[in-house]
Structure formats: C-alpha cells, structure tokens
Asker: 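Just dropping this structure here.
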Amino acid sequence: MSYTALYRKWRPATFADVKGQDHIVKTLKNQITSKRIGHAYLFCGTRGTGKTSIAKIFARAVNCEHPVDGSPCGECDTCKNIASGTSLNVVEIDAASNNGVENIREIREQVQYPPTEGTYRVYIIDEVHMLSTGAFNALLKTLEEPPSYVIFILATTEVHKIPITVLSRCQRYDFKRITIDTIAARLKELTDAEQIDVEERALRYVAKAADGSMRDALSLLDQCSAFHYGETLTYDNVLEVLGAVDTSIFSELFRAVAEDRTTDCIYKLEEMVIQGRELGQFVNDFIWYMRNLLIIKTAKDAENMLDMSSDNLALLTEEARLVDTETLMRYIRIFSELSNQLRYASQKRVLIELAFIKLTRPSMEQDLSSILQRLNHIEKQLENGPDLSALARLSAQNPAPGGQEEAPAGGDETVTVKIPKAQLEDLNQISGEWGKIIREMGGTVRAGFRETRLEPGGDGCLCIVFSDINSYSIGSRESILTDLQEFIAQKYGKSLTFKTRLAQTGEKKNTVYVSDEDLKENIHMDVIIEED
Ligand SMILES: [Zn+2]
C-alpha cells in the first residue's frame with residue numbers, strides 16, 4: 001500500500017479548507033462572485049502558509065462553470081480537467097529551476113492565444129524572486145498589457161527581491177504565519193479523520209514547533225505518527241521524535257543565572273552536553289527565551305505578542321520579575337555575542353561556560369584577560385574529556401594551580417584531504433551557514449539535523465554526516481533532502497544535491513579540506529586545524 005504524505009493528501013481543495021488566511025480568502029472569493037478579477041497577483045509570506053494552495057484553488061474557481069460561493073464546484077468538466085492536470089488553463093512554473101529570460105518568453109508566446117476551453121489561463125509562478133533580471137523585464141512587458149484572459153499569480157517567500165516595477169503592477173497579499181490554535185485545530189480534524197489516536201497536548205506541541213507553517217506541521221505529524229504507528233501518539237513521543245527538550249530547562253537555567261549560581265549553570269550545561277544537544281542551537285533557543293522575558297517586562301500587550309498558553313505566560317511573568325530590564329538586556333547582549341562567536345568556534349562548550357561566568361560574575365567581566373588566562377587552562381584540561389572540577393574550582397573563585405602540563409590526548413591528528421576548488425568553495429560556503437540554514441528551514445530539519453556536519457560528496461554534492469541513527473533515518477528521507485536542495489537554490493542560487501551517511505563510532509573529525517590548486521601552490525604547507 002502506498003503512503004501519501006499528509007500534507008499532500010490534505011492539501012485544501014476549496015477555500016473553506018484553507019485555514020488561517022481568512023482575510024485573503026474573503027477578498028478573493030468576493031472578486032470571483034462579483035467577477036472583478038485582476039490580472040496579476042502577488043502572494044507573499046513564509047513557507048507553508050498556503051500561497052500555492054490558494055493560487056490553485058483560485059485558478060480553478062475563475063474557470064469553474066458553476067462556482068459555489070466563490071469556490072470551485074469540483075464537479076464540472078473544467079474543474080475536473082484542472083484537478084487531473086490535463087487542462088492547459090493552469091500552468092505552474094517553478095522559478096527556482098526556470099528562471100531564465102527564455103522561460104518567460106515562452107509564456108509570452110503562449111498568452112497570445114486565448115484558451116480553447118474555460119475563461120482564463122492562469123500562470124502560477126512559484127518562488128518568483130528567483131527570476132533573473134532579464135526574465136523580470138520580460139515578465140514586466142506582459143504584465144503591462146495583459147490579454148483579458150490571462151491571470152498571473154506570483155508567489156514568493158522573499159518579497160524584498162521583487163523589482164518595484166513588478167510589485168506596482170500586482171495586487172499584493174501578505175500571508176500570515178498561522179496561529180498555534182488554528183494549526184492545532186486542523187491537526188485535530190485531520191487525525192480524527194485518519195483515525196490517528198493522539199494526545200491533545202502532543203498536537204499542540206507539533207503545532208507550536210511548526211512555527212506558523214501548516215505544511216511543516218503536517219510533515220512533523222507524519223514523522224511522529226510513522227514512528228509510533230498504531231499506538232497512541234503521546235506528548236512524550238513527540239518530544240522524543242522531534243529531538244526537542246522541554247523549555248523547563250531554560251526556566252531552570254534562567255533562575256540559576258538570575259541568582260548568580262555559577263556552578264549550577266555549568267552543571268546544567270553539562271547535562272545538555274550529555275543529552276547530545278547541539279550547543280549553537282541551545283544558545284539561540286536560550287536567547288529567544290530571554291527575549292520573551294524582555295517582552296513581558298517591556299511591552300504592554302505582551303500577551304498578544306507571545307503566542308503561548310496562559311500557563312506558560314504566568315510562569316514567564318514570574319521569572320521576568322527576578323531581574324531588572326537593564327540586567328536582562330545585558331544577558332541578551334552577552335549571549336548574542338556568544339552566538340556569533342560560536343559559528344566558527346571549535347570549543348563551543350568552553351565559550352558558553354565563559355558566558356555563564358560573565359553573566360553570573362559581572363565583577364569579573366571587567367578583567368577579561370584574567371578570565372582568558374584561566375580559560376586557557378581549563379581548555380587544556382577539557383581536551384581530555386569533561387572535567388568539571390576545574391570549572392567548579394573556578395566558579396568558587398579558586399583557580400586551579402597552574403603549571404601542570406598534561407600529556408596531549410592521543411589519536412587526534414589532523415588529516416588533510418584535497419578536493420577540486422569548486423567543491424571546496426561550495427563546502428565552505430554552506431558549512432559556514434549550516435547552523436543558520438537548519439534554523440531557517442525549521443521543522444523536521446531543525447529537529448533532526450542537530451549535531452550534523454558536512455563533508456564533500458563529489459561534484460555539486462555535499463554529504464551530511466549524522467552522529468545519531470534516529471536523526472540519520474529521518475534526515476535521509478528524500479522529501480527532506482529535496483526541501484533542503486530547494487532552500488539552498490533559493491537562498492544561495494546554488495544547485496547542490498545532498499546525500500547522507502552515519503558517522504562511525506570514534507570517527508576522526510579533524511579533516512581539513514584544501515583545494516587541489518592551493519595544494520599545488522603550497523606543496524609544503526602545514527595544515528593546522530586550530531591553535532592551542
Ligand atoms: Zn467547477
């Protein structure tokens with residue numbers, strides 16, 4: 001039996017099925033019932049908010065022989081032909097892969113001839129910001145004098161990349177992120193219909209993790225129910241599958257910081273290291289947590305700004321009282337700087353520990369060089385594995401006796417591998433942005449790609465190395481790799497493919513890649529990965 005992903009199976013067929021974009025649906029339906037249809041529409045907003053779905057319904061509705069309250073009837077020949085993909089009246093173009101001037105010229109040729117059946121020919125251009133300048137100019141000419149039977153629907157996640165000349169010719173619709181309530185209600189409806197037994201709390205969590213994207217919500221739910229097929233899907237199952245940690249850790253951590261309990265902070269961090277949490281992500285999540293506290297302290301309508309349950313809000317409000325606004329801002333500043341430093345740091349954990357010490361011992365902050373001095377010492381000790389005693393001593397303001405040089409850890413030598421220059425450039429660029437890419441893609445990727453790294457995978461290909469088998473099995477799915485590929489194409493204009501592998505236990509990570517050209521120039525170069 002073939003399995004259809006929930007988000008494909010439950011793609012809305014009528015306007016009534018579209019959730020969370022009521023303002024847009026209402027306007028479009030009114031246009032259809034009053035027959036005042038425009039020629040160019042621009043749909044903008046984050047991924048998974050319903051842009052393409054609404055565009056498709058609209059394309060059917062304008063052609064439908066008997067629209068019902070502005071929605072396509074789904075019964076007439078035109079509706080059926082469009083739904084089965086045999087109609088020439090609806091043309092979908094993905095500008096990410098068809099972005100050249102010749103692609104748009106082709107459309108201009110086509111639009112000279114009126115449709116043979118139905119009323120309108122509708123062009124849906126997805127990710128329109130990917131068009132080349134030439135293509136935009138060609139498109140503009142058509143938008144300037146559109147034949148009466150042509151409608152363009154341009155969809156984009158990055159409206160700031162659309163030329164103003166094109167913007168000014170379109171009716172613009174801004175798609176909102178969908179609220180947790182709306183997503184949760186839709187998930188409930190759908191799990192009832194699919195007879196998936198699921199805890200209410202689990203659905204809320206998925207809705208929250210999807211961060212406003214219905215599509216992400218459905219693929220996360222898919223992922224969770226696949227793992228626990230035939231059982232009741234519980235809140236704990238969801239946390240486990242999504243690799244998420246309850247926010248209570250942030251609450252505990254924040255209280256420890258506010259009460260200047262340095263040692264507790266360090267131990268909490270140790271806990272997270274043991275749980276295998278990706279530290280860069282942890283820092284960003286903690287910043288976000290403190291940002292919410294700051295909003296509660298400073299904004300009048302914090303309730304509306306923070307989309308969270310009243311229970312959580314009450315808890316946060318109580319926590320926000322522990323420190324004054326100035327102090328909270330200082331915390332956020334220190335952690336933001338930390339977040340930047342971590343991107344290229346090899347000793348993430350030590351830097352985070354340093355930040356906690358800064359937060360909890362402001363008096364020490366004035367004497368940065370002395371901290372660095374102590375830190376160097378700890379760094380050396382930490383290389384041989386987690387040793388909390390040094391930090392505990394440090395936090396007790398009792399620096400460890402110096403001068404004890406320990407033998408360096410064995411088996412950590414650096415391996416140099418040469419690869420073609422183009423591959424090295426791809427690798428460096430994407431590796432440098434990897435954390436950010438994972439964060440921005442959100443959903444499954446954000447949850448499953450923690451603790452991954454990249455290595456060259458051949459021409460135009462990168463290999464994602466997972467250290468955990470669960471994340472590996474989720475992250476290797478084709479749909480996920482395709483999403484990633486599309487994201488990279490959109491964001492960086494690079495056409496890269498991705499493959500995956502699971503890291504071997506004890507595998508060396510100290511591989512340095514150099515381009516074959518560089519190697520030719522510097523035959524005797526010494527490659528050193530980090531300075532000690
Ligand atoms: Zn119809």
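Atoms within a ligand are numbered from 1 in the order they appear, just like the ligands themselves. Every value quoted in this text rests on a predicted model; they were computed, and no experiment measured them. Numbering starts at 1 and runs along the sequence shown.
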Asker: Please report the shortest heavy-atom distance between Lys499 and Cys461, naming the atom on each side.
Answerer: CG-SG, 3.8 Å

Asker: Run the numbers on Phe466 and Phe449 for ring-ring contact (aromatic ring centres under 6.0 Å, His included), then give the verdict.
Answerer: CA-CA 8 Å; Phe466 289 82; Phe449 280 43; 5.3 Å; yes

Asker: Would Thr182 and Thr179 count as having a side-chain donor-acceptor pair, cut-off 3.5 Å?
Answerer: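 Looking only at side-chain atoms, Thr179 and Thr182 do form a donor-acceptor pair, the distance falling under 3.5 Å.
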
Asker: Ignoring hydrogens and geometry beyond distance, is a side-chain donor-acceptor pair present between Thr234 and Asn237 at under 3.5 Å?
Answerer: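 Their side chains do contain a donor-acceptor pair, which is all the 3.5 Å distance test asks for.
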
Asker: Using a cut-off of 2.8 Å, how many protein N, O or S atoms sit around the Zn ion (ligand 1)?
Answerer: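 Step by step: take the Zn ion (ligand 1), keep protein N, O, S below 2.8 Å, and you get 4.
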
Asker: Does anything in residues 123-172 form a ring-ring contact (aromatic ring centres under 6.0 Å, His included)? List the pairs, not counting sequence neighbours.
Answerer: Tyr123-Phe152

Asker: Among Val198, Leu203, Ile183, find the one that has a side-chain contact (heavy atoms from CB on, under 4.5 Å) with Lys188.
Answerer: Leu203

